[in-house]
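Owing to the predicted nature of the structure, the values given are computational and were not obtained by experimental measurement. The figures that follow rest on heavy atoms only: side chains count, while hydrogens, waters and symmetry mates do not.
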Amino acid sequence: MSIVTQRRIDQLLLRYAESHRHPLNERIHCVCVPAIVLSLLGLCWTLSPAVALVAAAAALAYYLSLSPPLAAGMLAMTAVMLVILARLPAGAVLPLSAAVFVIAWIGQFVGHKIEGKKPSFFEDVRFLLIGPLFVLGVLYRRWKIRY
């Protein structure tokens, strides 16, 4: 009898999915999680574009350790977000990022109220970084991309 060892990324995504099974909560997360990522990059950007790049690089290094295909998708998504931030008027980045951050988190908590389960990061802070991979995983499965 052989024992199949599950990859760490699969374990993390399965644990994350336990509190994201309701279809409406999943849809809310597919909108709000990328919005939160953009807003966090924007908040870092207001300190310095270099801070946003370092934060993105650190997250991407973690993603690469979990799944190169998901890291590639996150690299593409992060690059688009950084281009958006670079094209915004400098004075608009902070208020826009702060507003998006608050609104998106309200959406997240509404989704979890619908779900009837608390957010995963209450149990393990790593799930703040797994959320974007969960959303990307939803897209990858729909597009039949292996990760």
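By the side chain to side chain donor-acceptor pair (under 3.5 Å) test, S120 is found to be paired with S19, residues two or more places apart in sequence or in another chain being considered. Listed by chain and residue number, nothing satisfies the side chain to side chain donor-acceptor pair (under 3.5 Å) test with Y140 (two or more places apart in sequence, or in another chain). Contacts of F109 classified as ring pair (Phe, Tyr, Trp, His ring centres under 6.0 Å), with partners at least two apart in sequence or in another chain: W105. Checked against side-chain contact (heavy atoms from CB on, under 4.5 Å), A104 has the following partners two or more places apart in sequence or in another chain: C32, A35, I36. The salt bridge (Lys or Arg N to Asp or Glu O under 4.0 Å) test applied to R27 returns no partner, not counting sequence neighbours.
Nearest heavy-atom pair, G131 versus V33, reported as atom, atom and distance to 0.1 Å: C-CG1, 3.6 Å. In terms of heavy atoms, V100 sits closest to S39 at CG1-CB, 3.9 Å.
Contact check for L133 versus L12: no side-chain heavy atoms found under the 4.5 Å cut-off. R141 has its side chain within reach of Y147: a pair of non-hydrogen atoms, C-beta onward, lies under 4.5 Å apart. P34 is not listed as a side-chain neighbour of L38, based on a closest heavy-atom distance of 4.5 Å or more.
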Tell me which donor-acceptor pairs under 3.5 Å the side chains of residues 70-97 have, and how far apart each pair is, sequence neighbours excluded?
from	atom 1	to	atom 2	distance (Å)
T78	OG1	M74	O	2.7
S97	OG	V93	O	2.7

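Within the structure, the salt bridge (charged side-chain N to carboxylate O under 4.0 Å, His left out) test picks out no pair touching residues 107-122 (sequence neighbours left out). Applying the salt bridge (charged side-chain N to carboxylate O under 4.0 Å, His left out) definition to pairs two or more places apart or across chains, those involving residues 10-23 are R7-D10, R15-D124. Residue pairs meeting the ring-ring contact (aromatic ring centres under 6.0 Å, His included) criterion with at least one member in residues 28-82, sequence neighbours excluded: H20-H29, H29-H112.
Taking a 4.5 Å side-chain heavy-atom cut-off between Ile, Leu, Val, Met, Phe, Trp and Tyr, the cluster of V51 extends to L47.
Interatomic distance, I130 CD1 to Y16 OH, rounded to the nearest 0.5 Å: 9.0 Å. Atom SG of C30 and atom CG of L139 lie 6.5 Å apart (nearest 0.5 Å).
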